[in-house]
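See below for the structure under consideration.
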Amino acid sequence: MIRLRTLSALSLIVLAACSPEASGDATVEVELADDHIVLTPDTVTGSRIVFDTTNTAEELVHEIEVFSGGTHGAVLPVSNSVADTAGLTLLDEIEDIVPGATATLTVDLAPGTYLVVCNLPGHYELGMWAYLTVNG
């Protein structure tokens with residue numbers, strides 16, 4: 001009986017260690033529309049962030065790029081119809097997300113502020129950017 005309780009307790013510990021919360025995973029739903037990006041939630045706690053992305057636009061192909069080094073709420077200058085990301089570090093991206101498509105991007109992020117943007121020509125100017133806050 002003691003051996004069975006010990007095995008049951010060990011099984012629970014292993015299951016807890018494999019759960020997303022225990023491993024530091026957090027999921028952010030990303031909606032790419034014709035003129036905006038919505039992050040739900042826009043503040044997460046974790047270290048491995050999963051961006052579940054859906055392009056809800058009717059005709060436009062989109063992308064997401066995740067940058068570090070930004071200041072929450074800051075608007076970037078635009079040059080040649082794209083955001084000037086000088087001074088930021090591109091961490092990862094998903095390109096060519098067609099209307100109606102979904103895509104997943106997983107990025108390890110330290111606590112801080114991150115810019116998520118569609119930087120195809122003209123899209124940043126339409127409002128296709130949002131900030132994500134990651135808490136430790």
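L120 has its side chain within reach of E63: a pair of non-hydrogen atoms, C-beta onward, lies under 4.5 Å apart. Between D84 and P77 the shortest side-chain heavy-atom distance falls below 4.5 Å. Annotation: side chain of H72 is in contact with side chain of T133 (closest heavy-atom distance under 4.5 Å). Considering only heavy atoms from C-beta on, L32 comes within 4.5 Å of I64 through its side chain. Two residues are said to be in side-chain contact when any heavy atoms from C-beta on lie closer than 4.5 Å; Y114 and V134 meet this criterion.
Contact detail for P99 and A57: the closest heavy-atom pair is CB-O, 3.2 Å. Of all the heavy atoms in R48 and T106, the pair that sits closest is CG-CG2, 3.4 Å. Scanning both residues, L76 and T85, for their nearest heavy atoms gives CD1-CG2, 4.1 Å. The two atoms that bring I49 and L109 nearest to each other are CG1-CD1, 3.6 Å, heavy atoms only.
No donor-acceptor pair closer than 3.5 Å links the side chain of D25 to the backbone N or O of V50. Between the side chain of H62 and the backbone N or O of V98, no donor-acceptor pair lies under 3.5 Å.
Residues L115 and F51 do not share a hydrophobic cluster, defined by chaining ILVMFWY side chains whose heavy atoms lie under 4.5 Å apart. In this structure, L90 is a member of the same hydrophobic cluster as V78, with clusters built from ILVMFWY side-chain heavy atoms closer than 4.5 Å. Taking hydrophobic clusters as Ile, Leu, Val, Met, Phe, Trp and Tyr residues chained together by side-chain heavy-atom distances below 4.5 Å, L91 shares a cluster with I97. With hydrophobic clusters built from ILVMFWY side chains whose heavy atoms lie under 4.5 angstrom apart, L132 shares a cluster with V66. Under the 4.5 Å side-chain heavy-atom criterion for Ile, Leu, Val, Met, Phe, Trp and Tyr, V30 and L105 are members of the same hydrophobic cluster.
Side chain to side chain, E31 and T54 fail the donor-acceptor criterion of an N or O pair below 3.5 Å. For the 3.5 Å distance criterion, the side chains of T104 and D52 qualify, holding a donor opposite an acceptor.
Taking the six-membered ring where tryptophan is involved, the planes of Y124 and W129 are essentially parallel, since the angle between them stays under 30° and well short of 60°.
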Please step through side-chain contact (heavy atoms from CB on, under 4.5 Å) for the pair N135 and T43, ending with a clear verdict. CA-CA 7 Å; N135 297 316; T43 300; 3.3 Å; yes
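Atom CG of residue D92 and atom CD of residue E65 lie 10.0 Å apart, to the nearest 0.5 angstrom.
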